[in-house]
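For reference, the structure is listed below as structure tokens.
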Amino acid sequence: MSLPNVSSPPNFIRNMILEDLKKNKNDGRVHTRFPPEPNGYLHIGHAKSICINFGLAREFDGLCNLRFDDTNPSKEDVEYVESIKDSVRWLGFDWDDRLYYASDYFDQLYDYAIQLIKKGKAFVCDLSPEEIREFRGTLTEPGRNSPYRDRSVEENLDLFQRMRAGEFKEGSRVLRAKIDMGSGNLNMRDPVIYRILKVSHHRTGDKWCIYPMYDFAHGLSDSLEGITHSICTLEFEDHRPLYDWFLDQLGVFHPQQIEFARLNLTYTVMSKRKLLKLVQEGHVHGWDDPRMPTLVGLRRRGYTPEAIRVFCERIGVAKRDSVVDLALLEHCLREDLNLRAPRVMAVLRPLKVVIENYAEDLVEELEAVNNPEDAAMGTRKVPFSRVLYIERDDFMENPPKKFFRLAPGREVRLRYGYYIKCVDLIKDETSGEPVELRCTYDPATRGGWSPDGRKVKATLHWVSAAHALNAEVRLYDRLFTKPDPSEEKDVDFQSLLNPNSVEVLKRCKIEPSVAAAAPGSRFQFERQGYFCVDPDSSNDILVFNRTVQLRDTWAKIMQAEKK
RNA sequence: UGGGGUGUCGCCAAGCGGUAAGGCACGGGUCUUUGGAACCCGCAUUCGGAGGUUCGAAUCCUCCCACCCCAGCCA
């Protein structure tokens, strides 16, 4: 057998698999699974797990199942199932015909429980939830055996069957594994493996009124599916002895559980609880709000699955807790979009420019390059006329030394257009703000080249007033003001929300070529950033989301100046 | 005071006894009709700390310190 080519960077899980393969463990099979609970939306932390699981399977010519861990019907819903499948597919992965549910195994799992009882390794316990907690002991004190621990196999069998039959009320009895109440690992102190839940299940309906706990169902589901490497997050490390215990007691196929550190990202939160709160309290407009780290949110924001996959590869896989800089995600995004996004000119905060020596009724169609990184993307025509808009920030009446853009008396280039010189400035009488620039153009510089070789220090984007499309543009920024919101102790995380996480600009002007752009289409607005068409767009108005800004050296200079 | 983990550059992260990869960020430069992109250069004499073993230690041993997770009939 030849070992596969190792393409992506090394990590401890891949090294383990490589070792297993060398020893021909599992006959050289690699079979993973991504096991979401259908109780919420997937976020970028899940993307890491998806990329690891599906990625490893792909790399080692193995398989990866999608399995819904639906053992708690009181929290789960089909609503989430479709969304999760969508997100996994959108990310670029495919489970073929291997879509499973833990609930597919309820009969088998029940049978395993019976086997445990028959072996004397499980018992029905009548303690109340509170009593179970008391008997469990604490972190430093051992627990005490349940008074029901020594029931006979016959009695346990009878009771468990009657639990299943619905004879007892919710919370009155549970099935527990008989392990060791003195263990330092709380998970081993006779854990509950079945509880009564008189709730109908989104897939099995009212067939069951007892449901298995995660610890029992998960490993056995892995086993049933022939999973070789069961990859999960760090907090389950303590559960591994229990994972192993069930498998060993039952003598079934034994997958190996491997734990890695979950992803944390700066300026956002990743816990389902907190994300849910943001939605419920209206801090964001929904799970797919472009500020959310959810996959549906990132998608609406304009992120590409390719960028997310590359990101997941670059952050690596390890066991230490970490918080990855949002800048890395943004870098991966820009890297991808730079090569693919068509360029377009859009003025976000318009400043009117009148070219005094340009004919009133003249309109020229100037040729513009669609993507300087990719000649195959061709060119387009952009209308030029006497009245234009430029970006408000591209003009300063009293420019500082390092400002290269337009100022009174100064000449700059309009991209793909002409050199223009500012000859006059009209200001608002009360505010003193510039409202209109009077300029002249040099007809010899058509296309943006000067025949005399004269240089300008800046190139501005612009749009012809008469031809511009109106658009709404939503400028998104980080959701939180602190790099690590959950690090801030004794503070309600909501108080750390960035009040300026979104700014809506309603009077934006965009070149006409984007008129027919469909929702989801991505563009680079030259000199500004990457934007995508939001589904809120209508025939009347285009709505764009700013996906990510371009790197901005000028902004950096300004900031440095301030300090 | 129990059990399980983790500590390598500002942030990630390789490294597995032979003398500290890479990416992001940052700083400097080249080029440029995006102050974008691209390209070049710089950026840990040191690996949580202290001892020890060894010709040689981030890697092995000992002790210490810090941080994370666990007391749901959640996953």
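Convention: sequence-line order gives letters A, B, ...; per-chain numbering from 1.
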Answer with yes or no after comparing the ring centroid distance for [X] and [Y] against a 6.0 Å cut-off, counting only values under it.
X: A:Phe236; Y: A:Tyr214; answer: yes
X: A:Phe12; Y: A:Phe260; answer: no
X: A:Tyr101; Y: A:Phe68; answer: yes

(message) Tell me whether the ring of A:Trp554 lies stacked over the B:G35 base, given a 5.5 Å limit on centroids and a 30° limit on the plane angle.
(response)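 Base of B:G35: stacked against A:Trp554.
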Which value, in whole Å, describes the distance between the [atom1] atoms of nucleotides [N] and [M]?
N: B:G42; M: B:G4; atom1: C1'; answer: 42 Å
N: B:G49; M: B:C11; atom1: P; answer: 15 Å
N: B:G5; M: B:C60; atom1: P; answer: 16 Å
N: B:C63; M: B:C74; atom1: P; answer: 41 Å
N: B:A37; M: B:C26; atom1: P; answer: 11 Å
N: B:A44; M: B:C9; atom1: P; answer: 12 Å
N: B:G36; M: B:U30; atom1: P; answer: 13 Å
N: B:C16; M: B:G29; atom1: C1'; answer: 39 Å

(request) List the protein contact pattern of nucleotides 25-31 of chain B with one symbol per nucleotide (5' to 3'): B for base contact, S for sugar-phosphate-only contact, - for none; contact means a heavy-atom distance under 4.0 Å. (result) SS-----
Sugar-phosphate only, base, or nothing, as touched by [X] at under 4.0 Å among non-hydrogen atoms:
X: A:Pro142; answer: nothing
X: A:Ser183; answer: nothing
X: A:Phe216; answer: nothing
X: A:Leu186; answer: base
X: A:Tyr211; answer: nothing
X: A:Ile557; answer: base
X: A:Tyr416; answer: base
X: A:His461; answer: nothing
X: A:Met188; answer: nothing

(message) If I take atom CD in residue A:Glu141 and atom P in nucleotide B:U1, what distance separates them, rounded to the nearest angstrom?
(response)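 After rounding, the reported distance stands at 14 Å.
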(request) Round to a whole Å and report the spacing from CD of A:Glu37 to C1' of B:G72. (result)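 To the nearest whole Å, that distance equals 12 Å.
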(request) Indicate, yes or no, whether a donor-acceptor pair under 3.5 Å links the base of B:G23 to the side chain of A:Glu335. (result)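 No.
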Within the structure, does a side-chain N or O atom of [X] lie under 4.0 Å from either OP1 or OP2 of [N]?
X: A:Asn15; N: B:G15; value: yes
X: A:Thr459; N: B:U32; value: no
X: A:Arg195; N: B:A75; value: yes
X: A:Arg320; N: B:A13; value: yes
X: A:Thr553; N: B:G36; value: yes
X: A:Arg343; N: B:A37; value: no
X: A:Arg136; N: B:C73; value: yes

(request) Could you tell me which nucleotide pairs with B:G36 by Watson-Crick or G-U wobble geometry, both distances under 3.5 Å, or answer none if nothing does? (result)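 By the stated definition (distances under 3.5 Å), nothing pairs with B:G36.
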(message) Once side chain to side chain contact (heavy atoms under 4.5 Å, CB included) is applied, do any residues pair with A:Asn39, and if so which ones, sequence neighbours excluded?
(response)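 In terms of side chain to side chain contact (heavy atoms under 4.5 Å, CB included), with neighbours along the sequence ignored, A:Asn39 is linked to A:Glu37, A:Glu76, A:Lys272.
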(message) My understanding is that only residues two or more places apart in sequence, or in another chain, count here; which of them pass side-chain hydrogen bond (donor to acceptor under 3.5 Å, both in side chains) with A:Arg149?
(response)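 If we apply the side-chain hydrogen bond (donor to acceptor under 3.5 Å, both in side chains) test to A:Arg149, skipping adjacent residues, the hits are A:Asp190.
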(message) Closest approach to the side chain of A:Asp238, judged atom by atom: which nucleotide of B:G4, B:U34, B:C74 is it?
(response)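 Of B:G4, B:U34, B:C74, B:G4 is nearest to the side chain of A:Asp238.
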(message) As a test of reading the structure: which of B:C69, B:A13, B:G35 is closest to the side chain of A:Arg527, going by heavy atoms?
(response)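 Among B:C69, B:A13, B:G35, the one nearest the side chain of A:Arg527 is B:G35.
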(message) Ring-plane angle category for A:Phe160 and A:Tyr110, please: parallel below 30°, perpendicular beyond 60°, tilted otherwise.
(response)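 It falls in the parallel class, under 30°.
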(request) Only counting residues at least two apart or in another chain, list the ones meeting salt bridge (Lys or Arg N to Asp or Glu O under 4.0 Å) with A:Glu19. (result)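 A:Glu19 satisfies salt bridge (Lys or Arg N to Asp or Glu O under 4.0 Å) with A:Lys22 once adjacent residues are dropped.
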(message) The criterion is salt bridge (Lys or Arg N to Asp or Glu O under 4.0 Å); which residues satisfy it with A:Arg392, sequence neighbours excluded?
(response)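 Partners of A:Arg392 by the salt bridge (Lys or Arg N to Asp or Glu O under 4.0 Å) criterion, ordered by chain and then number, come out as A:Glu433.
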(message) Using salt bridge (charged side-chain N to carboxylate O under 4.0 Å, His left out), reason through A:Asp336 and A:Arg340 one step at a time and then give a plain yes or no.
(response) CA-CA 7 Å; A:Asp336 185 32; A:Arg340 310 161 43 174; 3.0 Å; yes
(request) Could you tell me whether B:G5 is syn or anti, where syn means a glycosidic angle within 90 degrees of zero? (result)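 B:G5: anti.
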(request) Decide, yes or no, whether a salt bridge links A:Asp477 with A:Arg546 under the criterion of side-chain N to carboxylate O below 4.0 Å. (result)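 The answer is no: the pair does not qualify as a salt bridge.
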(request) Please list residues of residues 167-176 of chain A whose heavy atoms come under 4.0 Å from any atom in RNA chain B, ordered by number; otherwise none. (result)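 Nucleic-acid contacts, sorted: A:Gly171, A:Val174.
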